There are 2 protein chains.
Amino acid sequence: MNDQELAELAERFRGMLRLAVFVSRRLDGSSDLSTTQVSILNMTEGAGLRMGVVAANLGVRVPSATEQVARLERVGLVERRADPSDARAVVVVRTPRGDQAAEEANRRRTARMVTVLDTLEADELEALRAALPVMDKINEHLHTLSNPKERLS
Amino acid sequence: MNDQELAELAERFRGMLRLAVFVSRRLDGSSDLSTTQVSILNMTEGAGLRMGVVAANLGVRVPSATEQVARLERVGLVERRADPSDARAVVVVRTPRGDQAAEEANRRRTARMVTVLDTLEADELEALRAALPVMDKINEHLHTLSNPKERLS
DNA sequence: GCCTAACATTTAGGCTACCTAAGTATGAAT
DNA sequence: ATTCATACTTAGGTAGCCTAAATGTTAGGC
């Protein structure tokens with residue numbers, strides 16, 4: 001693939017990201033937990049994660065993660081525990097009620113997504129499936145790179 | 001593809017949408033125009049669009065579109081003209097300076113995306129390319145359906 | 001021809017989620 | 001022991017979305 005083709009693909013892929021935001025908006029509306037909050041629940045299953053890791057996974061700064069976690073804590077879906085190995089750190093862990101809420105939120109959202117995918121042909125579904133690991137790779141690559149926003153303004 | 005497989009794909013695809021948000025955040029940071037604003041510039045090339053159509057394309061309510069357009073108007077990148085066929089309506093049109101700003105913003109963002117895609121193998125790029133029209137179809141399908149958020153809270 | 005209902009947009013006010021900067025407390029290193 | 005770095009929280013600000021209500025325009029029924 002030459003530079004010209006790559007640039008063209010890049011441009012179309014940019015468009016796809018915008019569509020993804022649009023699609024998310026349509027699918028996640030009318031729900032008690034935000035996408036971000038469900039993400040936090042999903043990543044804090046089991047042993048839990050430190051606040052900084054939560055922030056990194058979300059792609060936001062630490063204070064933003066603190067805020068979301070605080071909100072989830074207020075409604076009893078996660079807990080903040082002291083990290084035994086480092087008294088500065090905090091470990092975010094899902095509570096049993098958090099487990100339940102996560103399970104339900106995921107089920108509902110997945111069901112809604114199924115109704116969308118149901119309108120696609122078999123080969124289209126296959127194309128989606130094939131693209132998933134590529135997105136994962138892109139994501140992984142970006143994780144190793146830059147920080148969140150760092151606005152210029 | 002049976003129901004079980006479809007549900008599994010749906011779940012993974014949900015994850016991909018979340019990644020898309022993450023990737024957007026990394027790629028669109030440090031820029032003078034927001035993704036939404038660039039989208040507006042891109043869609044108002046030429047004849048322009050009515051405010052309601054801008055909102056629908058963005059997947060937001062009309063007042064939100066008004067706000068973004070007002071911001072772009074303030075810096076001289078778009079104009080609001082009266083619709084000759086309907087005095088209630090407004091047509092949003094890109095100005096020459098808007099043309100220039102759109103061209104530059106697109107170039108910069110695409111360049112950044114190219115550096116990401118550059119880390120992928122040929123078959124991975126092909127998988128992305130194949131998924132693009134499918135995303136378009138999903139998007140089109142959602143456009144024909146529901147409205148924006150309509151939060152329950 | 002008028003009146004009412006529907007429509008396109010703006011204005012006003014509110015909330016969420018992000019940001020930076022600064023403060024607190026702990027850890028590590030000289 | 002002091003100093004610098006790290007992990008997090010608090011405080012304050014902004015962007016972008018929302019709903020509800022106000023304004024002006026069009027279209028249909030009588």
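Just so we're clear, the structure is a prediction, and the values are computed from it rather than from any experiment.
Every residue two or more places apart in sequence or in another chain was checked for a salt bridge (Lys or Arg N to Asp or Glu O under 4.0 Å) with Arg97(A), and none qualifies. For Glu79(A), the side chain to side chain contact (heavy atoms under 4.5 Å, CB included) test picks out Arg81(A), Thr95(A), with sequence neighbours left out. The side chain to side chain contact (heavy atoms under 4.5 Å, CB included) search around Ala10(B) returns Thr110(A), Met113(A), Val114(A), Leu117(A), not counting sequence neighbours. For Asn139(B), the side chain to side chain contact (heavy atoms under 4.5 Å, CB included) test picks out Leu19(A), Phe22(A), His143(B), with sequence neighbours left out. Among residues two or more places apart in sequence or in another chain, the side chain to side chain donor-acceptor pair (under 3.5 Å) test is passed with Arg107(A) by none. Residues passing the side chain to side chain contact (heavy atoms under 4.5 Å, CB included) test with Arg88(B), sequence neighbours excluded: Asp86(B).
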Can you give one letter per nucleotide of nucleotides 20-26 of chain D, 5' to 3': B if a protein heavy atom sits under 4.0 Å from the base, S if only from the sugar-phosphate, - if neither? B---BBS
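Between the CG atom of Asp32(A) and the P atom of dT16(C) there is a distance of 13 Å, given to the nearest Å. Atom CG in Asp83(B) sits about 13 Å away from atom C1' in dC7(C), given to the nearest Å.
Contact annotation for Val90(B): backbone-only contact, meaning every heavy-atom pair under 4.0 Å involves sugar-phosphate atoms and none involves a base.
Note on Ser64(A): every side-chain N or O is 4.0 Å or more away from OP1 and OP2 of dA17(C).
Using a 4.0 Å cut-off on heavy atoms, the residues of residues 65-82 of chain A that approach DNA chain C are Glu67(A), Gln68(A), Arg71(A), listed by number. Near DNA chain D, defined here as any heavy-atom distance below 4.0 Å, the residues from residues 34-53 of chain A are Arg50(A), Met51(A), Gly52(A), listed numerically.
Under a hydrophobic-cluster definition in which Ile, Leu, Val, Met, Phe, Trp and Tyr are linked whenever side-chain heavy atoms come within less than 4.5 Å, directly or via other members, Leu77(B) and Val91(B) are assigned to different clusters.
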Can you give each donor-acceptor pair under 3.5 Å made by side-chain atoms of residues 65-76 of chain B, sequence neighbours left out, with the distance rounded to 0.1 Å?
unit_1: Thr66(B); atom_1: OG1; unit_2: Val62(B); atom_2: O; d: 3.2
unit_1: Gln68(B); atom_1: OE1; unit_2: Gln37(B); atom_2: NE2; d: 3.3
unit_1: Glu73(B); atom_1: OE2; unit_2: Arg80(B); atom_2: N; d: 3.4

Using residues 45-52 of chain B as the side-chain source, report each donor-acceptor pair under 3.5 Å to any protein atom, sequence neighbours left out, with the distance given to one decimal.
unit_1: Arg50(B); atom_1: NH1; unit_2: Asp83(B); atom_2: OD2; d: 3.2

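Residue pairs meeting the salt bridge (charged side-chain N to carboxylate O under 4.0 Å, His left out) criterion with at least one partner in residues 3-23 of chain B, sequence neighbours excluded, are absent.
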